[in-house]
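Let me begin by presenting the structure, written as structure tokens, before commenting on it.
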Amino acid sequence: MSLINPGFGMIIWMTLAFLVVLYILAKYAWKPIMNSLKEREDSIEDALRLADRTRKEMEELKLDNEKLLREAKDERDAILREARKIKENIIEEAKEKANAEAANIVESAKQRIETEKNRAMTEIKNIIADYALEIAEKIMKEELKDKKRQSAYIQKLLDETSLN
Amino acid sequence: MRDKTAVIKTDAVLGIFLLFFIFFPGMIQAQHEQKVEISEKAKAQAEEEIFHAGDMITEHVTDSYQWEIIKIGKKHISIYLPVILYDRGEWHVFNSAKLYHGHDPYLGYSICEEGANLGKIVRKNENGEEVLPDLDVSVTKNVLALIISSALLIFIFISVAKSYKKRRGHAPKGLQSFMEPLILFVRDDIAIPSIGEKKYKRYLPFLLTIFFFILLNNLMGIIPFFPGGANLTGNLAITGVLALFTFVITTVSGNKNYWLHIINAPGVPWWLKFPVPLMPIVEILGMFTKPFVLMVRLFANILAGHIVILGFISLIFIFGAMNELLGYGVSIVSVGFTIFLDFLELLVAFIQAYVFTLLSALYFGMATEEAHH
């Protein structure tokens, strides 16, 4: 058939076939394909945006964590410092108390010693006085002749013997 | 934008040139007759030879009522296609085998062997002149190829659509992953830049359909055997109908701005519009030349490719008829060139599908462009 005169029948067939192809493809192929492509592109876009947001959130979280950690460290340091101070205070207090207690004990011990000593002295004095009386009685029995002088002499001795 | 307008301007010029060519058929006729006279002398000599390169090429690139699959020796294995005629108020449907290989005219119909109706079914009228029937809607080779490629196109893209449904939101696979870049190419590199983000969706189904229709038929035209080998996109009726669709869609979707540009193009000196409305005439002519050029470009590119390839193959037989050894020698060169041209044709198949789709998209874009002055 002629090259530039292909015939009217071909035009009819082509129009018909092309309309059918266009209709079928537009309805059953292009529409679902385009929808799927759009859907996929949207989902990829969403995923990328989500990843971006997540990364930002992670960064913020990391920053928060660091801040928290730093705060915790600070707090720990503060607590430790406090504790150390308290410990020192307690030791100091304990020392003071112990010192005071010791001083008290020593004081009371001294007082008791004093009292005991006094009591012992009095006893000793009494015993000595008894012995002296006994001795004196013996002496007097021996030397009763010179009674007047003897007595004066005893008195004089007694007076000389000062107890402490 | 400047590139686009440049392309369109060139198209308009080419279109006007081609229109003149068509408007003066006498010129072509005269040339044609001259050629016939020259070939008349050669014919007598050539008659002795077995091989006629011109006839072979013409036979291969034009439509036919049969589809020759292979020729073994003298035996032709062909598909004889149904002839459907509407003539003088009657429908005639018969097998084209009745018309081939020395059969007498069937019901008065025979295949014209020379002249303007070469290769078409004709009958003799009362005066003994050969005339075409009123309507010839036979399923010819090209019609069968059209049906096959349409079915293939529908099959391919429905299965692709199915895999999109099946693999929702996943990466493409198989045929789907082969088609997806092309689909995205048409959408992102043709439709959206030419028409605009807002309006491209309306035109996308048409653009995708013509792109893949042209591409598939170009590729099938390169395959030399059944079911390829029909010169579908190198047929003026096919490209004409495609261009007509583009023209109709462009004209129907033309907005106020588009028509204003045609009738009273802004930015053009007044004396080009009044008293002689030169610009409006050029613009109105342009409306028709644009699709006309679309039609001719695709037709001529594909046809030329086929003719050149067949020409190189013919060389083998022409030289082979002179001397057998020469034939073998030439065949090496010829086959080399044919392989090169086949690769070129592969490229052309894509380029022409792209150009047709891109220009259609540009025309739609121009028709729907909003005023921005």
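Just so it is clear: chains get the letters A, B, ... in the order the sequence lines come, proteins before strands, and each one is counted from 1.
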What part of [X] gets closer than 4.5 Å to chain A, counting heavy atoms only: side chain, backbone, both or neither?
| X | answer |
| --- | --- |
| B:Ser138 | backbone |
| B:Leu244 | neither |
| B:Arg167 | neither |
| B:Leu135 | side chain |
| B:Leu232 | side chain |
| B:Phe213 | side chain |
| B:Asn235 | side chain |

Query - Sequence-distant partners of A:Tyr28, ring-ring contact (aromatic ring centres under 6.0 Å, His included), two or more places apart - result: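 Listed in chain order: nothing, the list is empty.
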Query - Region of A:Leu25 that comes under 4.5 Å of a non-hydrogen atom in chain B - result: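 For A:Leu25, side-chain heavy atoms alone lie under 4.5 Å from chain B.
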Query raised in the report: Any donor-acceptor pair under 3.5 Å linking the side chain of A:Trp13 with the backbone of B:Val137?
Result: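 Judged by distance alone, yes, a pair lies under 3.5 Å.
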In terms of heavy-atom pairs under 4.5 Å, which option from [options] contacts chain A the most?
| options | value |
| --- | --- |
| B:Leu184, B:Thr209, B:Leu303, B:Ile238 | B:Thr209 |
| B:Leu132, B:Leu208, B:Ile158 | B:Leu208 |
| B:Val61, B:Asn231, B:Ile183 | B:Ile183 |

**Report entry** With B:Pro172 via side chain to side chain contact (heavy atoms under 4.5 Å, CB included) - residues at least two apart
**Finding:**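 If we apply the side chain to side chain contact (heavy atoms under 4.5 Å, CB included) test to B:Pro172, skipping adjacent residues, the hits are A:Arg40, B:Gln176, B:Ser177, B:Glu180.
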Query - Partners passing salt bridge (Lys or Arg N to Asp or Glu O under 4.0 Å) against A:Lys38 (at least two apart in sequence or in another chain) - result: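 For A:Lys38 the salt bridge (Lys or Arg N to Asp or Glu O under 4.0 Å) partners, ignoring immediate neighbours, are A:Asp42.
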Query raised in the report: Which members of residues 17-24 of chain A, sorted by number, sit under 4.5 angstrom from chain B on a heavy-atom basis?
Result: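 Within residues 17-24 of chain A, the residues that come under 4.5 Å of chain B (heavy atoms only) are A:Ala17, A:Phe18, A:Leu19, A:Val21, A:Leu22, A:Ile24.
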